[in-house]
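Worth saying up front: this structure is predicted, and the values here are computed from it rather than measured.
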Amino acid sequence: MIEEEALFHLKKPVPERLIAYGFQTKEAGFALKLPLKEEQFQLQVEVDASGMLFYAVIDEVTGEEYTLIHSVHAQGNFIAKLRQEVSRKLKEIASACFAADEFRTEQASRIIQSIEQNYGVRPEYLWEGSPASAALRHQETLKWFGVLMRLDYRKLDPRKQGQVEILVLKALPEQIVEQLGHPGFYRAFHMNKKHWITVVLDGTLEDETIQEGISQSFALTAKAESKRPQPKE
């Protein structure tokens, strides 16, 4: 089956990219028509005003929607190839016309923007199975100095509810012990808990405090001959 939800999960359309790709503007969003299977079928794609994507495969002979493409019971070489073609085109659209929208809290957006401005580093989304997770790496050595994630708050604190965006940073062991006694700091998630610590990006901590942690993590993971962070001027 075509997993369009996974393709467009936590992504937002960029109007300029949609138009450049060939989408036409309409009253409530954008629309595109693409030929399939030597023009025997047509892929119709719509993106509504809220950013949601919908698609349908139309049989050019009957003019009706080819609903079998969505049926788990419809099997065979023909429909498998048609699904592959539709999936390939949707992946193209996702890559060319949509941008990552993984980190949505105001604080997370500010922190990501400041990292790009100060260090010339943008989040790298490396894991297909975890589209809301991203690595922050030194450009020269490719060593990580941070990991961005979104997860269930209860994984950090069973008293909390809902989703939370976090940043995992490297820190000195003695500093980690001290910080864990303060709100907003938690044991490292999926990292070495002796050398890494989790900070939440929900406003519990001041931006300045998080920036200090980023600067230290950047320095601790830098090359041996240069342990000081080198923000971009």
Side-chain angles (χ1 to χ4, degrees), residues 1-113 116 122-135 147-152 162-166 201:
M1 296 300 294
I2 300 168
E3 301 293 340
E4 68 271 15
E5 287 188 10
L7 288 176
F8 297 93
H9 181 57
L10 295 176
K11 292 184 178 180
K12 58 184 177 183
V14 181
E16 296 82 3
R17 295 185 187 178
L18 290 169
I19 293 171
Y21 191 83
F23 278 82
Q24 301 294 314
T25 57
K26 50 181 293 186
E27 184 177 351
F30 301 85
L32 176 70
K33 296 180 180 180
L34 296 170
L36 296 171
K37 279 288 181 185
E38 298 180 354
E39 301 187 359
Q40 180 181 350
F41 294 91
Q42 183 184 83
L43 175 63
Q44 295 185 358
V45 184
E46 292 190 7
V47 179
D48 68 14
S50 70
M52 292 293 293
L53 180 139
F54 305 89
Y55 79 93
V57 174
I58 306 299
D59 187 325
E60 291 280 60
V61 176
T62 65
E64 297 179 352
E65 183 177 0
Y66 188 71
T67 57
L68 285 177
I69 199 165
H70 303 294
S71 173
V72 294
H73 302 293
Q75 301 295 327
N77 186 57
F78 175 82
I79 198 165
K81 288 184 176 179
L82 183 59
R83 284 181 180 138
Q84 288 175 359
E85 188 175 359
V86 171
S87 180
R88 184 171 62 252
K89 289 187 181 295
L90 290 177
K91 285 179 181 178
E92 258 184 33
I93 292 170
S95 176
C97 306
F98 284 68
D101 192 26
E102 283 81 355
F103 301 98
R104 296 172 180 168
T105 66
E106 290 185 6
Q107 185 170 55
S109 297
R110 290 196 305 271
I111 293 299
I112 292 170
Q113 185 177 21
E116 183 174 357
R122 301 183 66 181
E124 296 183 52
Y125 302 99
L126 305 174
W127 305 282
E128 289 186 6
S130 183
S133 300
V147 181
L148 291 155
M149 288 185 258
R150 174 188 286 159
L151 45 78
D152 188 328
Q163 298 285 301
V164 66
E165 290 168 345
I166 66 170
L201 304 178

Just wondering, do [Y] and [X] contact through their side chains at under 4.5 Å, heavy atoms?
{"X": "F30", "Y": "I19", "value": "yes"}
{"X": "P123", "Y": "I112", "value": "yes"}
{"X": "E64", "Y": "I58", "value": "no"}
{"X": "Q44", "Y": "K33", "value": "yes"}

Specify the closest pair of heavy atoms between [X] and [Y], including all atoms of both residues, with the distance to one decimal.
{"X": "A74", "Y": "L68", "answer": "CB-O, 3.5 Å"}
{"X": "Y125", "Y": "S133", "answer": "CD2-O, 3.5 Å"}
{"X": "F23", "Y": "C97", "answer": "CE1-SG, 4.3 Å"}
{"X": "E92", "Y": "Y21", "answer": "OE1-OH, 2.8 Å"}
{"X": "E85", "Y": "P35", "answer": "OE2-O, 4.2 Å"}

Residues forming a side chain to side chain donor-acceptor pair (under 3.5 Å) with D48, sequence neighbours excluded: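 S50.
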Output all residues satisfying side chain to side chain donor-acceptor pair (under 3.5 Å) with E46, sequence neighbours left out; order by chain, then residue number.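 E46 satisfies side chain to side chain donor-acceptor pair (under 3.5 Å) with K26 once adjacent residues are dropped.
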Could you please spell out the steps behind the side-chain contact (heavy atoms from CB on, under 4.5 Å) verdict for K89 and V45? CA-CA 10 Å; K89 289 187 181 295; V45 184; over 6 Å; no
Should L148 and L201 be marked as a side-chain contact (heavy atoms from CB on, under 4.5 Å) after you check the CA-CA gap, both sets of side-chain angles, and the distance that decides it? CA-CA 10 Å; L148 291 155; L201 304 178; 4.0 Å; yes
Mark yes or no for whether Q75, through its side chain, and V72, through its backbone, hold a donor-acceptor pair below 3.5 Å.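 Here the side-chain-to-backbone pair exists.
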Check whether any side-chain N or O of R83 sits under 3.5 Å from a backbone N or O of I69 as a donor-acceptor pair, and report yes or no.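 Between the backbone of I69 and the side chain of R83 there is a qualifying donor-acceptor contact (under 3.5 Å).
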Once the angle between the rings of F78 and F41 is folded into 0 to 90°, is it parallel (under 30°), tilted (30 to 60°) or perpendicular (over 60°)?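 Tilted: the ring planes of F78 and F41 meet at 30° to 60°.
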For the residue pair H70 and Y55, does the interplanar ring angle fall in the parallel (under 30°), tilted (30 to 60°) or perpendicular (over 60°) class?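 Tilted, since the angle between the ring planes falls between 30° and 60°.
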Other residues, nucleotides, ligands: >12 heavy atoms within 6.0 Å of R122 CZ: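 Not buried by this count: 12 neighbours or fewer within 6.0 Å.
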What distance separates L90 CG from L43 CG, expressed to the nearest 0.5 Å?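 Those atoms lie 5.5 Å apart.
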Spatial distance of atom CD (Q42) from atom CG (D59) [nearest 0.5 Å]: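 Separation between the atoms: 11.0 Å.
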What's the verdict on side-chain contact (heavy atoms from CB on, under 4.5 Å) for V47 and M52, showing C-alpha distance, side-chain angles and the deciding distance? CA-CA 5 Å; V47 179; M52 292 293 293; over 6 Å; no
